[in-house]
Amino acid sequence: MEISSDEDEDEDEALEKRVRDAAAETLVTWALLPNTADARHRFDDHGSDYLICDVAGRRIRVAQNRARQGELGVTGCCVWDAAVVLARYLEWADDLRVSRTKTQATATVLDAVRGLRCLELGAGCGLAGLAAAALGGLVTLTDRDETLFLLERNARNFAAEHCQDHRPRRSGKMSAAVGTEATCCSPPCARHLDWSEPLELDHPETPFQVILAADCLYSLEGAAALAAVVNALCCEPESAAFGAKVLLSQELRAPEVLESFLEKVIRAFRVSRLPSPPTLEQAAPCVMLYRLQPRCTH
């Protein structure tokens, strides 16, 4: 039996930086960013029709629509670094769950998604949600109409390759749990969800327990829309995700956008900045991870 000590709690607090003020968080975050262009695009490949990412011993092949990349107002056509970092974070949390050993990142294991209902917002190509499915999550991917065709395609391809019971798992260098375990009992599905429209989402028998968002903050309008969606989903008792936590991965581009988002959620959520997963092949200093835990459930 493992006994949690004050020292362990101090280690968790040191790893997970509690965010108490949006402006202060923004200033500190931007002060720590490297002033070099090569700190970005560590994992993405916008020149290819596919991006391949190994998660939990499974090779996820994600189709991209690079022909539309760069069109004004069009997002979600390609995978960005933030999605890869979130996928690796989920994998790390699951590795800790499987190993059941005492580590400095004891709180991270609580973010393992196996068996939990997960909702990805602004999924784009869907990598983060597909990684959650590979790790045993019950996943619904959502985005706007212009991205839905690509998202549905990636969900179908993933299900065809990975969602058969007892399919042998590929041996991957990033996974601590390799064997014949069926990692996704239920294939992921894709649904339309536009934040600018009234929130319409089927209410599952079991509410969503985890919300994933990777690289969803591009503008002040988008920050306001995302904040409104997570507040409605997580903090309204009759919602489809009441009490769900949010795992947010964001590449930092404009300080005012992050500050605006944090200001709009910090009263309803306990916000923590999370450590970067050690399973990354290289550091991604421009990507930040946050956990938003609704205060209404505490």
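All figures in this text were calculated on a predicted structure; none of them were measured in a lab.
In this structure, the separation between NZ on Lys264 and CD on Glu259 is 9.5 Å, given to the nearest 0.5 Å. Rounding to the nearest 0.5 Å gives a distance of 4.5 Å between OG1 of Thr26 and CG of Leu258. Taken from CZ in Arg58 to SG in Cys53, the straight-line distance is 14.0 Å, to the nearest 0.5 Å. Thr140 contributes atom OG1, which lies 6.5 Å from atom CG of Leu119 (distance to the nearest 0.5 angstrom). Here CG of Asp95 is found 11.5 Å from OG1 of Thr108. Values are rounded to the nearest 0.5 Å. With rounding to the nearest 0.5 Å, the separation of CG in Asp21 from CD1 in Ile266 is 6.5 Å.
The closest side-chain heavy-atom distance from Leu247 to Leu289 is not below 4.5 Å. Contact of the Cys216 side chain with the Trp195 side chain is registered, since non-hydrogen atoms from C-beta on lie closer than 4.5 Å. Under the 4.5 Å side-chain criterion, counting only non-hydrogen atoms from C-beta, Pro277 is in contact with Val85. Taking the side chain as every heavy atom from C-beta outward, Phe208 and Leu233 never approach each other to under 4.5 Å. Taking the side chain as every heavy atom from C-beta outward, Asp54 and Ile60 never approach each other to under 4.5 Å. Proximity of Ser272 to Val19: side-chain heavy atoms (C-beta onward) are nowhere separated by under 4.5 Å. Inter-residue side-chain proximity for Val230 and Leu121 is flagged as met; some heavy-atom pair is nearer than 4.5 Å. Side-chain contact check for Leu220 versus Phe261: every heavy-atom pair is 4.5 Å or farther apart.
No side-chain donor-acceptor contact under 3.5 Å links Arg88 to the backbone of Leu280. In this structure, the side chain of Asp94 does not engage the main chain of Ala112 through any donor-acceptor pair within 3.5 Å. Remark: the backbone N or O of Cys286 is not paired with any side-chain donor or acceptor of Glu251 at under 3.5 angstrom. No donor-acceptor distance shorter than 3.5 angstrom exists from the side chain of Gln250 to the backbone of Val287, with no hydrogens or angles considered. Between the side chain of Gln209 and the main chain of Arg117, a donor-acceptor pair closer than 3.5 Å is present. With hydrogens and angles ignored, the 3.5 Å screen pairs a side-chain donor or acceptor of Ser249 with a backbone N or O of Ala82. Although no hydrogens or angles enter the test, the distance criterion places no donor-acceptor pair under 3.5 Å between the side chain of Asp194 and the main chain of Arg144.
Heavy-atom minimum distance, Lys245 versus Asp111: NZ-OD1, 2.7 Å. Looking at every heavy atom in both residues, Leu86 comes nearest to Ala213 through CD2-O, 4.1 Å. Residues Ala63 and Asn154 come closest through the heavy atom pair N-OD1, 2.8 Å. Between Leu90 and Ala132, the closest heavy-atom pair is CD1-CB, 4.1 Å. Heavy-atom minimum distance, Ser219 versus Val257: O-CG1, 3.6 Å. A pairwise comparison of heavy atoms in Ala131 and Ala87 identifies CB-CB, 3.6 Å as the closest pair.
Salt-bridge annotation for Arg191 and Asp143: absent, with no side-chain N of the basic residue lying under 4.0 Å from a carboxylate O of the acidic one.
Linking Ile, Leu, Val, Met, Phe, Trp and Tyr whenever their side-chain heavy atoms come within less than 4.5 Å leaves Leu127 and Ile52 in two separate clusters. A single hydrophobic cluster is not seen to contain both Leu27 and Val265; linkage of ILVMFWY side chains at heavy-atom distances under 4.5 Å, directly or through other members, places them apart.
Residues forming a side chain to side chain contact (heavy atoms under 4.5 Å, CB included) with Leu148 (at least two apart in sequence, or on another chain): Asp145, Leu151, Glu152, Ala190, His192. The side chain to side chain contact (heavy atoms under 4.5 Å, CB included) check on Thr29 picks up Glu25, Leu252, Arg273, Met288, Tyr290, with sequence neighbours excluded. Residues passing the side chain to side chain contact (heavy atoms under 4.5 Å, CB included) test with Ala268 are Asn231, Cys235, sequence neighbours excluded.
Taking the ring axis of Trp80 as reference, the NZ or CZ atom of Arg253 stays within 45° of it and closer than 6.0 Å to the ring centre.
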| Hey, mind stepping through Leu116 and Leu138 against side chain to side chain contact (heavy atoms under 4.5 Å, CB included) and telling me if it holds? | CA-CA 6 Å; Leu116 302 183; Leu138 310 175; over 6 Å; no
| said: Does Phe242 form a side chain to side chain contact (heavy atoms under 4.5 Å, CB included) with Cys234? I'd like the steps, not just the answer. | reply: CA-CA 4 Å; Phe242 177 64; Cys234 302; over 6 Å; no
| field | Audit row: Thr279, Glu91, side chain to side chain contact (heavy atoms under 4.5 Å, CB included) steps and yes/no | value | CA-CA 8 Å; Thr279 53; Glu91 179 186 48; 4.0 Å; yes
| said: Run the salt bridge (Lys or Arg N to Asp or Glu O under 4.0 Å) test on Glu161 and Arg59 for me, step by step, so that the C-alpha distance in whole Å, both residues' side-chain angles and the decisive distance to 0.1 Å come before the verdict. | reply: CA-CA 9 Å; Glu161 184 171 0; Arg59 178 147 293 182; over 6 Å; no
| message | Does Val62 form a side chain to side chain contact (heavy atoms under 4.5 Å, CB included) with Tyr50? I'd like the steps, not just the answer. | response | CA-CA 5 Å; Val62 180; Tyr50 291 89; over 6 Å; no
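Side-chain atoms of Gln64 and Asp49 include no donor-acceptor pair closer than 3.5 Å.
Between Phe158 and His162, the ring planes lie tilted relative to each other; the angle falls in the 30° to 60° range.
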